Amino acid sequence: MALTREEFDILSSLATSAVEPCASASLDKLRSIGLVSGAAITELGLAALEPYRVESAVIMAAGLSSRFVPISYWRPKGLMRVNGEVLIERQIRQLHEVGITNITVVVGYRADEFAYLAEKYGVRLVTNDLYAARNNNWTLWLVHDQLRNTYICSSDDYFVENPFETYVYRAYYSAVFMEGPTGEWCLGVDGEDRITSVTVGGRDAWAMLGHVYFDRAFSNVFARILDGIVHGASYEERYADKLWEAIFARNLDCLSMDMRRYPADQVLEFDSVDELMEFDPSSLSTVECPAIENITSVLGCERAQLHGFYPIKNGLTNLSFHFAVGEDEYVYRHPGVGTEKFINRTAERDANTVAHDLGIDHTFIYENAEEGWKISRFVPNARNADPLDASEVSRAMRLARTFHESDAHIDATFDFYKDGLGYERLLKGHGDIDVPGYDKLREKVTRLNEYCTSDEGFSACFCHNDYLPLNFLIGEDGSMSVIDWEFAGMGDPGNDTATFIICSQYDEDQANAAIDAYFGRTATPVERRHFWARVVLGGWCWYVWALEKEAEGAGVGEWLDIYKSYAVTYVDKVLSWYEKNDILAA
């Protein structure tokens, strides 16, 4: 039989606690139909409650938790210890306390670290291999056939008091009140607390936070909607990166769910290490995290002094995060997966040291050449160079010429053609290069390299070789630093201007202006021809590098086509300048 909310509350209270219910018409009715006898629930009452019994729980633990730097680089957030307890273990024990033992944990990032939970708690583990490419709607799809009367939880939530129940009346999403402006997902409800709207961001609002409960009716409809989306032609384009909550928000007309209010100090989600430290100041003192060990060792500070952790937008090859010691701000660079195949960290360390000594990079503090991590000073409110600002382009070109003409030397070389061949060898390790036009382009590039390297007057010098606008930091005081010397080495002086041109996506006129800015005058035809050859060779080198990154599963998106375009578009023209000796046309 279907129960009213009041009838359900009375029966579930009698079934799970010894509290005697208050007199009411509903209690009288339950007694009259044999569901309650005196102050005790009967067998019939327990049978009436059975459709409301929670059957299972799904704990989502697949994600990267990218905001929880630096700890998440080495350990899944759900395995963090808070107040002496591992987050996910605390949640499993709380579920067990109310009789919920059918628990599935969906893992992905560092999945093997969760394996012990199966033996220790009897949970079922499901692996989401696509955790980096798809959001949590895919996680729920992997267990959609198990969704019944089911709690949906996140492994990193911390419940001060156990929020789980043996019986639940209706589907709900837990919520806490956010005072002032918030970027959380905010809920609108009707008079019965049924969710009627979901908006991202709001002010003085109840926001989604914590666990969720799907009842059978909700699960059946949601699983059907999710099935249609996952098997739809536009899933990858429109939904792969979406939270399951976004799908819920789009279907409020057929997905009925209540809002369950909780005090803000009872349902906690630690978005950053700083938030965790505020709740549990001892949390950072015992966690195993190589980055923290490295920082305290280099800067001579205590763990308790560290704060201000947040991720910095990741580059194409590395992960970085901000941190502070007192009022001093820093950046920690963590090497990206697979970068050891491309990057000579000893050369990078030497280049960083030279650049710092020359006053080219004011940020550098320390780099560990063996492991590839680096600590730099953070430049507040810094911006990158503007490739459309002629004065900044001139300044960047003059700066390049300054370190090119210095006596600086490091024990490493970088050559667009030779290094491109190195990337090609790595690429062939994945199989034949089945890219239309690749072999023809390579033959032309090879010819051009022979001509270019025969040019006189362009001796190898200390070069950055990844000299793009994003690698400039301009401070509020106008100071300019060139950072990220990963590809630095002794190379052709045209390398840096070529990379700047390519990565600024310059047209021919803009590229020629940059070449002139480098020389501080109108380039001679021979100089212009040589620098344009470097543009073609640089485009080809970075194109092959991008193909290798793509083969490794770490593609660089549109940059592959951008790099390729500079080789394909200009190779014939520059070859003609050499082969027809048409120098004046250059």
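Quick note: numbers below take in every heavy atom, side chains included, and nothing from hydrogens, waters or symmetry partners. Residue numbers start at 1 and run along the sequence shown. All of these numbers come straight from a predicted model, not from anything done at the bench.
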With a 4.5 Å limit on heavy-atom distance, are the side chains of [X] and [Y] in contact?
X	Y	value
S72	L64	no
E236	R134	yes
V54	E165	no
E552	H430	yes
S320	R333	yes

Is the number of heavy atoms from other residues, nucleotides or ligands within 6.0 Å of [atom1] ([X]) greater than 12?
X	atom1	value
Q266	CD	yes
R303	CZ	yes
E50	CD	yes
E85	CD	yes
R377	CZ	no
K242	NZ	yes

Kindly write out the residues that satisfy side-chain hydrogen bond (donor to acceptor under 3.5 Å, both in side chains) with [X], not counting sequence neighbours, or none if the list is empty.
X	result
R250	none
S154	none
S282	D280
Y116	E89

Is [X] salt-bridged to [Y], cutoff N-O under 4.0 Å?
X	Y	value
R383	E476	no
R5	D258	yes
E113	R75	yes
E192	R170	no

Only counting residues at least two apart or in another chain, list the ones meeting ring-ring contact (aromatic ring centres under 6.0 Å, His included) with [X].
X	answer
F164	Y151, F159, H211
F279	Y158, F270
Y366	W373
H96	none

What's the shortest heavy-atom distance between L11 and I41, and which atoms? O-CD1, 3.7 Å
Heavy-atom closest pair (Q94 atom, N162 atom, distance to 0.1 Å) is O-ND2, 2.8 Å
Go through Q146 and S56 one step at a time and tell me if the side chain to side chain donor-acceptor pair (under 3.5 Å) criterion holds. CA-CA 8 Å; Q146 301 173 46; S56 60; over 6 Å; no
Relative to the ring of [Y], is the ring of [X] parallel (under 30°), tilted (30 to 60°) or perpendicular (over 60°)?
X	Y	value
Y310	F378	perpendicular
W244	F248	tilted
W138	W141	tilted

Please evaluate residues C289 and Y73 with respect to the criterion side-chain contact (heavy atoms from CB on, under 4.5 Å), reporting the C-alpha separation (whole Å), side-chain torsions for both, the decisive distance (0.1 Å), and the verdict. CA-CA 8 Å; C289 179; Y73 289 166; over 6 Å; no
Under the side chain to side chain contact (heavy atoms under 4.5 Å, CB included) test, residues paired with T286 that sit two or more places apart: none
Taking only residues at least two apart or on different chains, which pairs with a member in residues 177-205 satisfy ring pair (Phe, Tyr, Trp, His ring centres under 6.0 Å)? F177-W206
Could you list all the ring pair (Phe, Tyr, Trp, His ring centres under 6.0 Å) pairs where at least one residue sits in residues 43-63, not counting sequence neighbours? F8-Y52, Y52-Y169
Of V126, I103, V143, which meets side-chain contact (heavy atoms from CB on, under 4.5 Å) against V58? V143
Side-chain donor-acceptor pair under 3.5 Å between D190 and T196, yes or no? no
Which donor-acceptor pairs under 3.5 Å do side chains of residues 213-232 form with protein atoms, sequence neighbours excluded?
residue : atom : partner : partner atom : Å
D215    : OD1  : A217    : N            : 3.4
D215    : OD1  : F218    : N            : 2.8
D215    : OD2  : A171    : N            : 3.1
R216    : NE   : E55     : OE2          : 3.1
R216    : NH2  : E55     : OE1          : 2.9
R216    : NH2  : E55     : OE2          : 3.1
S219    : OG   : R148    : O            : 2.7
S219    : OG   : D215    : O            : 3.2
N220    : ND2  : R216    : O            : 3.3
D227    : OD1  : H231    : ND1          : 3.2
H231    : ND1  : D227    : O            : 3.1

Take C301 and T296, measure what side-chain contact (heavy atoms from CB on, under 4.5 Å) needs, and give me the verdict at the end. CA-CA 5 Å; C301 58; T296 55; 4.2 Å; yes
